[in-house]
Every structure is written in structure tokens, then in C-alpha cells.
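What you see is a predicted model; the values in this text were computed from it and never measured.
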Amino acid sequence: MWGRRNTYGIGVKIVFYSICILWALVTLIPYLIAVITSLKPVEDVTKFSIDFSKLTFDSYRYITHEFPFLRWLFNSFVVAVAVTTGNILFNSMAAYALARLDFPFKKVVFYVIIGTMMIPGQVLLIPIYLILNRLGWIDSYKGLIIPWLVSAFYIFFMRQYFLTIPKDLEEAALIDGLSRFGIFFKIFLPLSLPALATQAIFIFVGSWNSFMWPSIIASSEELYTLPVGLNSFYGQYYQFWNQVLAGAILLSLPTIIVFVLFQKYFVKGIVTSGLKE
């Protein structure tokens with residue numbers, strides 16, 4: 001009986017892993033087609049056949065040399081890193097206060113933060129733009145970065161994770177004379193690396209791929225992020241699909257690298273971030 005159950009379990013695993021591998025291959029096909037098409041010369045873009053002797057990096061060289069690609073890349077990197085760093089710090093600090101500190105109207109503050117998640121982001125664009133216009137932050141890094149340094153969802157996410165950390169560690173640290181800031185930076189943040197990595201991946205990818213806000217706030221080409229810059233390129237040279245796809249591939253590479261680097265922490269953070277109240 002045990003042998004049959006063991007064989008059945010192995011068979012189920014094989015079927016499951018086979019389906020996962022097949023699904024991974026299916027999802028990779030469009031990306032592989034985009035990569036191959038970006039390497040084709042213009043005359044071969046619409047052909048289904050692949051002539052490996054004609055594959056070339058001319059599209060990539062054209063984009064990086066004929067357009068301020070490096071400037072757009074720098075802008076995207078600065079904005080994505082700044083937004084990600086700010087969110088990790090401010091979301092975690094707010095979450096720690098809501099999870100561990102006692103202060104008046106604590107639950108009201110928490111429910112108000114949760115309530116803001118029900119407001120569509122598009123509704124806030126005009127008020128934020130008007131405020132930034134009054135401050136003189138239009139077409140500036142401050143306008144691109146500061147409005148998005150805090151996220152209600154990730155305050156909630158980090159709060160739930162902090163609630164899973166034993167209070168004994170915090171009480172022992174308080175007895176040893178460690179301040180609240182010391183407890184936060186020396187105990188809670190190191191123990192929350194999986195949740196922080198999960199937050200960092202999603203925020204970085206969202207900020208890196210953001211198009212609507214940068215296209216509204218950035219009016220000069222020097223302040224374009226990659227999505228905005230490549231969209232302007234697409235509008236002028238849409239018939240050259242090899243060049244358009246080359247730009248899309250270059251845009252996607254940093255997010256793939258970030259996910260690969262933090263994949264272990266990402267999976268662990270998703271698994272261990274329970275909804276404890």
C-alpha cells in the first residue's frame with residue numbers, strides 16, 4: 001500500500017512539474033519572438049523564417065546612438081531606485097508604528113490608510129499635478145519621485161509581516177536599553193528581508209515601467225524616463241518593428257535582473273507574510 005501511494009505521489013509531481021515547465025515555455029515564446037525579431041534586419045521582420053546569418057545588433061546600436069538612450073536609462077534608474085528606497089523606509093516605519101506602538105486613534109489611522117486603497121490612482125493625478133505646479137516641481141526629479149514615496153498597500157503588507165515577529169525579541173531589546181529606532185533598524189528590518197525584497201521587487205518594477213505619470217510631469221526630453229522616451233521613438237519609427245522591439249527588450253532587462261537577484265527572498269516573503277491580526 002505504501003509503495004502504491006509513493007508511486008502515485010511521484011506521478012502527480014511529474015505531471016505537475018511537466019505542466020509548469022510547459023506553461024513556462026509557452027509564456028517565454030512571445031519574449032523569444034521579440035528578441036529574435038529585434039535582431040532581424042528590416043526586410044526580414046515580417047518573415048516567419050529565421051536566417052541566423054543575417055541576425056544583427058544594428059537595431060540596438062541605432063537606439064543607443066541616435067537617441068539619448070543613456071539619459072533616459074539614467075532617469076529611469078534614479079526614479080526607480082529613489083521611489084523603491086523611500087517606500088521601503090517609510091512604509092516599514094509606518095507599519096512598525098501600527099504593529100508595535102500604542103498611540104491614540106491607532107485603529108482609526110490604520111483603517112484610514114486601508115481606505116485610501118479604494119481610491120483609484122487616476123483620480124489623484126489632477127490634484128497631485130496642481131499641488132506640484134504650485135510648488136514649482138513640474139518637469140523635475142522631485143515631481144517624478146516625491147508623490148510616490150509611500151504606498152498604503154505596502155504599509156499594510158509590512159504591518160502584517162511585523163505582527164508575525166515574536167514580541168519576546170522586542171521586550172528583550174527594550175530591557176537591554178535599545179531604543180525604538182534601534183529595535184526597528186537592528187531587529188525588525190534584518191528579520192524582514194523576505195518581505196522587504198518582495199516589496200522592493202514590485203515597487204521597482206512598477207516605478208520602472210510607469211508611463212502615465214512621467215509622461216504628464218516630464219515635458220522636456222532630458223527628463224524622459226525609458227518608457228516615455230521609447231514611446232516617443234515608437235511614434236516616429238513604428239514601421240521599424242525590429243527597432244521598436246529592441247527598445248522593449250532593453251526596457252525589460254533591468255526588471256528581469258532585479259527579479260532574478262531577489263527571487264529567493266521574493267518567494268519566501270510571499271509564503272511567510274501571513275494576515276495575522
Student: Applying side-chain contact (heavy atoms from CB on, under 4.5 Å) to W208 and L251, what does each step give before you reach the verdict?
Tutor: CA-CA 8 Å; W208 183 269; L251 176 64; 3.3 Å; yes

Student: Kindly assign one of parallel, tilted or perpendicular to the pair F157 and F153, based on the angle between their ring planes and the thresholds 30° and 60°.
Tutor: parallel

Student: Output the distance between atom CD1 (I155) and atom OG (S92), rounded to the nearest 0.5 Å.
Tutor: 9.5 Å

Student: Can you see whether F110 has R159 sitting over its ring - NZ or CZ less than 6.0 Å from the centre and within 45° of the normal?
Tutor: yes

Student: What heavy-atom pair brings S76 and T225 nearest, and what distance separates the two atoms?
Tutor: OG-CB, 3.3 Å

Student: Do other residues, nucleotides or ligands put more than 12 heavy atoms under 6.0 Å from the NZ atom of K186?
Tutor: no

Student: Which pair of non-hydrogen atoms, one from I187 and one from A173, has the smallest distance, and what is that distance?
Tutor: CD1-CB, 3.5 Å

Student: Is there a path of hydrophobic side-chain contacts, each under 4.5 Å between heavy atoms, that joins Y111 and L101?
Tutor: yes

Student: Heavy atoms only: give me the nearest W148-W213 pair and the separation to one decimal.
Tutor: NE1-CD1, 3.0 Å

Student: Give me the ring orientation class for Y224 and W72: parallel if the planes are under 30° apart, tilted from 30 to 60°, perpendicular past 60°.
Tutor: tilted

Student: In terms of heavy-atom contacts, does CZ of F103 have more than 12 from other residues, nucleotides or ligands at under 6.0 Å?
Tutor: yes

Student: Should Y31 and L245 be counted in the same cluster of Ile, Leu, Val, Met, Phe, Trp and Tyr side chains packed under 4.5 Å apart?
Tutor: no

Student: Which is it for I114 and F156 under the side-chain contact (heavy atoms from CB on, under 4.5 Å) test, yes or no, and what are the steps along the way?
Tutor: CA-CA 7 Å; I114 295 299; F156 169 76; 3.5 Å; yes

Student: Are any of the side-chain heavy atoms of L169 and F188 separated by less than 4.5 Å?
Tutor: no

Student: Could you give the distance from CH2 (W23) to CG (L28), rounded to the nearest 0.5 Å?
Tutor: 11.5 Å

Student: Please report the C-alpha distance between Y96 and F185 in whole Å, then the side-chain angles of each, then the deciding distance to 0.1 Å, and finally whether the side-chain contact (heavy atoms from CB on, under 4.5 Å) criterion is met.
Tutor: CA-CA 11 Å; Y96 175 74; F185 285 106; over 6 Å; no

Student: With a 4.5 Å cut-off on side-chain heavy-atom distances among I, L, V, M, F, W and Y, is there a chain of contacts connecting I33 to I36?
Tutor: no

Student: Looking only at heavy atoms, which two atoms of I165 and S192 are closest? And how far apart?
Tutor: CD1-OG, 3.8 Å

Student: For D139 versus S219, what's the shortest heavy-atom pair and its separation?
Tutor: OD1-N, 3.1 Å

Student: Hey, quick one: are V112 and L98 part of the same hydrophobic cluster, counting side-chain heavy atoms closer than 4.5 Å, chains of contacts allowed?
Tutor: no

Student: Should we say atom CD1 of I119 is surrounded by more than 12 heavy atoms from elsewhere, each under 6.0 Å from it?
Tutor: yes

Student: Would you say the side-chain atoms of N91 and Q199 include a donor-acceptor pair closer than 3.5 Å?
Tutor: yes

Student: Would N242 and L39 count as a side-chain contact (heavy atoms from CB on, under 4.5 Å) if you check the C-alpha gap in whole Å, the side-chain angles of each, and the deciding distance to 0.1 Å?
Tutor: CA-CA 7 Å; N242 53 339; L39 296 173; over 6 Å; no

Student: Any salt bridge (Lys or Arg N to Asp or Glu O under 4.0 Å) involving residues 70-93? Give me the pairs, sequence neighbours left out, ordered by first then second residue.
Tutor: none

Student: Which pair of non-hydrogen atoms, one from S59 and one from A246, has the smallest distance, and what is that distance?
Tutor: CB-CB, 3.9 Å

Student: Do other residues, nucleotides or ligands put more than 12 heavy atoms under 6.0 Å from the CE atom of M117?
Tutor: yes

Student: Got a second to check how far I201's CD1 is from T84's OG1, nearest 0.5 Å?
Tutor: 10.5 Å

Student: Treating Ile, Leu, Val, Met, Phe, Trp and Tyr as nodes and any side-chain heavy-atom pair under 4.5 angstrom as an edge, say whether I29 and L22 lie in one connected cluster.
Tutor: no

Student: Supply the atom-to-atom distance L226 CG to F211 CZ, rounded to the nearest 0.5 angstrom.
Tutor: 12.5 Å

